[in-house]
Amino acid sequence: MLDKHGIAKRIAQELQDGWYVNLGIGIPTLVANYVPDDIAVEFQSENGILGMGNFPYEGEEDADLINAGKQTVTLKPGAVLFDSATSFAMIRGRHVQLTVLGAMEVSETGDIANWKIPGKMVKGMGGAMDLVASAENIIVAMMHTSKSGESKLLPQCSLPLTGVGCVKRIVTNLAVLEVTGEGFVLIERAPGVTVAEIEAATAGKLIVTGDIPEMNI
Amino acid sequence: MLDKHGIAKRIAQELQDGWYVNLGIGIPTLVANYVPDDIAVEFQSENGILGMGNFPYEGEEDADLINAGKQTVTLKPGAVLFDSATSFAMIRGRHVQLTVLGAMEVSETGDIANWKIPGKMVKGMGGAMDLVASAENIIVAMMHTSKSGESKLLPQCSLPLTGVGCVKRIVTNLAVLEVTGEGFVLIERAPGVTVAEIEAATAGKLIVTGDIPEMNI
Amino acid sequence: MDRIADEHRKTMNKIVNNAQEAIADIHDGMTLMLGGFGLCGIPENAIAALVKSGVKELTCISNNAGVDDFGLGLLLQQKQIKKMISSYVGENAEFERQLLNGELEVDLIPQGSLAERCRAGGAGIPAFYTPAGYGTEVGEGKEVRVFDGKPHILETALKADFAIVKAWKGDRLGNLIYKGTARNFNPPMAMAGRVTIAEVEHLVEPGELDPNYIHTPGIFVQRIFEGKDYEKRIEQRTLRTR
Amino acid sequence: MDRIADEHRKTMNKIVNNAQEAIADIHDGMTLMLGGFGLCGIPENAIAALVKSGVKELTCISNNAGVDDFGLGLLLQQKQIKKMISSYVGENAEFERQLLNGELEVDLIPQGSLAERCRAGGAGIPAFYTPAGYGTEVGEGKEVRVFDGKPHILETALKADFAIVKAWKGDRLGNLIYKGTARNFNPPMAMAGRVTIAEVEHLVEPGELDPNYIHTPGIFVQRIFEGKDYEKRIEQRTLRTR
């Protein structure tokens, strides 16, 4: 089974040379730590950065330089700053090749719910609806089940949707899955996790064809 | 009767302090020479300048600094350069208070035709359709009649339209007229021109109420 | 064009003395846009002046709602806001309390649609189609149209009685330059105010800002003043170990 | 985020050797966008390479069509253009001849709509409403909708197989800065190419361009090269007497 760093590490393997990538808050942010040295990717932060760098050293933090998670950051050489309308022009115009974000629920058909729980305080969707409606590739990074043990991979979402039919791939603590029109296709198992365990943790239709390899991370 | 410089001079009297102004090619360009010293106006050139200055001195011309008429220009202190999408955001968003442009025909209801003569080579509308559809104030600067002596102020335009019901004011070599839904309201006569002469040169409905003063230029 | 740049000619001057003067004619019930992302790039001086003015029943269009004791949170504390139009309103307990008590209305808008709707308002585009929000609550009641096989919803432009933005440098013609990610929503909102007020850290002379690198052309700005005592609070101070 | 900016990490590099290499996969029948206003800010090197390549049946989206012996006029001379999409196409006798002979199609679009349609194509906005062209030939056959009492027409986004732009400075990530009014249509078109090629007068190292003052972020650009022998012809040399 993977921890959140393991999930991030596995997602980093999906990155391709030359891609621009938007990482959501939480586990997705950790993906930045595991980019292979031999590929070039640039991180887009929707508040207006392309070429986001590391967190700053103490004393070098700048209130005028934050990422979309409101964390202080730095810029890499060749970085660019821009306004919010331009930022979402990049996103909506499909210039960002990959979006990685968390989810509360994903459906068999790629619907995603990650912004609202009825009866609870709603904080808002931020940029998530624009990102999921636009990105060519969306990878969801999440735990396979909720804290109370319920599956987050469902026949259909029970929570209000963030986007419809948009998730292409899911990486959880248990598995890598592809989202097709037919159901969740199991691609890889996390180290030490059996297909039966994944089946038990998946409420939506799981498609298992042949031998499922263990992740190589 | 006014020459083209006189028309420009009269239009300059319409300028108000604090206005941003777009001047079309031809007579309108001359308006820049007659701005009263005690009002501040800035000229917008739709190819991407705000704060356009004079023509350059010989040897100081720059191929990378032209106006919408493709003439070499200079910048005033406080000028700004921008792209074409931003430029027309200013125009369409009604941030430019006045547009002055030429016309082949204007109708009683403020329709304007100035871009196309059927059977002749069509050069295109350039920015004219955006300007006339958007500007709060549009002043047409033109000769009252064509070279062959026909009136350019008509009951309705015979040429393909550039815009509908948008012209507010017309300054010609003979008169200043306001365009209302009812017809052309005569406001001022050019020096030495009689009401009868203006009537004779106006094919559309001309409204003459009371004494019509002579222009003070 | 021989006389445009004569030296004895009057030039534009949009400078007002301070925040108080800039916001003096903002009345109860008006709609304001306020730039900023989180607490980054917010018009601190104008917000303080609004608190002091006591103006109320405001509709505030802003990506976020500040924190309890800073940014728009200060206006919330004084119950000056009737409605928030935002994309994300977390980190604010007073906000939550007012919302759950029905004292506050909230309209949540996807962040990209919010930015584009402001730009559209400023650019004279009354409406446009976007895929964001289709099939969700955001799309409910909105026209759906398919382009290239993909459903989109129609979103309309946003305008405000006053847009209030914060820039790094500006001149008396209203030309603005922002710094770092403090740019964010400020440029699209600057375009969409019937009156746009800019507060800047540094007011400079016309000509000091390079014409080629101005972010907000002065044509979009009606009033400008130099702010003071910027706190520029950091929400998440994240550091790297040496 | 401790490892993003490691020095031994591979970084992006979009540099190609020259115009010929940049345009090598532009085929007959493709749609191109070409930046520039008149002869100002046009991609001279790429146009020369297109002439040399002999590629034909092109649809060219460009505000103007050059003059007889420069700019897009060079492609017209060789009859490489099937269709022009422009706002103004005067100053070109060969253009006129081909048009009157039915050898050339022309689609004339209001300049502001042209710029906005390119931006929309790049920004993922498939269509928007504008007042420009309502009640004229341009509006014929287009959906009309009234907003705020004023009729608008629906205009759709433009995209191109290749967008070709000309900038002053650029780096290998594709970040671009333009000079003077040579900016014009280049930024909105750079956004709208499926592949965007940038030719620059000066290719510089990443970090040399201030991140705060870049006009076209590199994300919009796929190929970049340093052009040479720029003629930068002036159409109307207007001077002031001393």
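Here is the naming used below: chain letters follow the sequence lines, and residue numbers restart at 1 for every chain.
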> Count the heavy atoms belonging to other residues, nucleotides or ligands that lie under 6.0 Å from NZ of Lys232(D), then report whether that count exceeds 12.
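Yes, enclosed.
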
> Identify which part of Val41(A) has an atom lying under 4.5 Å from any heavy atom of chain D, answering side chain, backbone, both or neither.
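Backbone only.
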
> Considering residues, nucleotides and ligands other than Lys142(D), do more than 12 of their heavy atoms fall under 6.0 Å from its NZ?
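Yes - once you tally the heavy atoms of other residues, nucleotides and ligands closer than 6.0 Å, there are more than 12.
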
> For Ile214(D) and Ala79(A), which heavy atoms make the closest approach, and how far apart are they?
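Taking Ile214(D) first and Ala79(A) second, the nearest heavy atoms are CD1-O, 3.7 Å.
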
> Going from CZ on Arg194(D) to CZ on Arg94(A), what distance comes out if it is rounded to the nearest 0.5 angstrom?
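Separation between the atoms: 12.0 Å.
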
> Working to the nearest 0.5 angstrom, can you tell me the gap between Arg119(D) CZ and Thr86(A) OG1?
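OG1 of Thr86(A) is found 7.0 Å from CZ of Arg119(D).
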
> What are the two closest heavy atoms between Gly78(A) and Asp171(D), and how far apart are they?
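So the minimum-distance heavy-atom pair works out to CA-OD2, 4.2 Å.
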
> Return yes when atom CD of Gln156(A) has more than 12 non-hydrogen atoms of other residues, nucleotides or ligands closer than 6.0 Å, and no otherwise.
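Atom CD in Gln156(A) is not packed in, count stays at 12 or less.
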
> Is the number of heavy atoms from other residues, nucleotides or ligands within 6.0 Å of CE (Met104(A)) greater than 12?
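Yes - once you tally the heavy atoms of other residues, nucleotides and ligands closer than 6.0 Å, there are more than 12.
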
> Within the supplied structure, the quantity of interest is the number of heavy atoms (other residues, nucleotides, ligands) at a distance under 6.0 Å from Glu58(A) CD; does it exceed 12?
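No, because the 6.0 Å sphere around CD of Glu58(A) holds 12 heavy atoms or fewer from other groups.
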
> Highest number of heavy-atom pairs under 4.5 Å with chain A: which of Lys14(D), Arg172(D), Lys10(D)?
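The option with the most such pairs is Lys10(D).
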
> So if I apply the side chain to side chain contact (heavy atoms under 4.5 Å, CB included) rule between Glu42(A) and each of Leu173(D), Ile219(D), Thr11(D), which one comes out positive?
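Going through Leu173(D), Ile219(D), Thr11(D) one by one, the side chain to side chain contact (heavy atoms under 4.5 Å, CB included) with Glu42(A) is satisfied by Leu173(D) alone.
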
> Against chain D, work out which of Tyr34(A), Phe88(A), Tyr20(A), Phe82(A) has the most heavy-atom pairs shorter than 4.5 Å and name it.
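The option with the most such pairs is Tyr20(A).
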
> Hey, is CG on Asp37(A) packed in by over 12 heavy atoms from elsewhere, all under 6.0 Å?
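Yes, because the 6.0 Å sphere around CG of Asp37(A) holds more than 12 heavy atoms from other groups.
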
> Any idea which heavy atoms bring Leu50(A) and Gly218(D) closest together, and the distance?
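Heavy atoms of Leu50(A) and Gly218(D) come nearest at CD2-N, 4.4 Å.
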
> Taking atom NZ as the centre, does Lys150(D) end up with more than 12 heavy-atom neighbours from other residues, nucleotides or ligands that are less than 6.0 angstrom away?
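Buried by this count: over 12 neighbours within 6.0 Å.
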
> Check whether Asn175(D) gets within reach of chain A through its side chain, its backbone, both or neither, counting any heavy atom under 4.5 Å.
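Answer is side chain: those atoms of Asn175(D) sit under 4.5 Å from chain A.
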
> For Glu143(D), I'd like to know if atom CD has over 12 heavy atoms of other residues, nucleotides or ligands within 6.0 Å.
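Correct, the count exceeds 12.
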
> Check each atom of Ile39(A) against the heavy atoms of chain D and say whether the ones under 4.5 Å are side chain, backbone, both or neither.
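Just its backbone gets close to chain D.
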
> State, to 0.1 Å, how close Trp19(A) and Met12(D) come at their nearest heavy-atom pair, and which atoms those are.
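That would be O-CE, 3.4 Å.
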
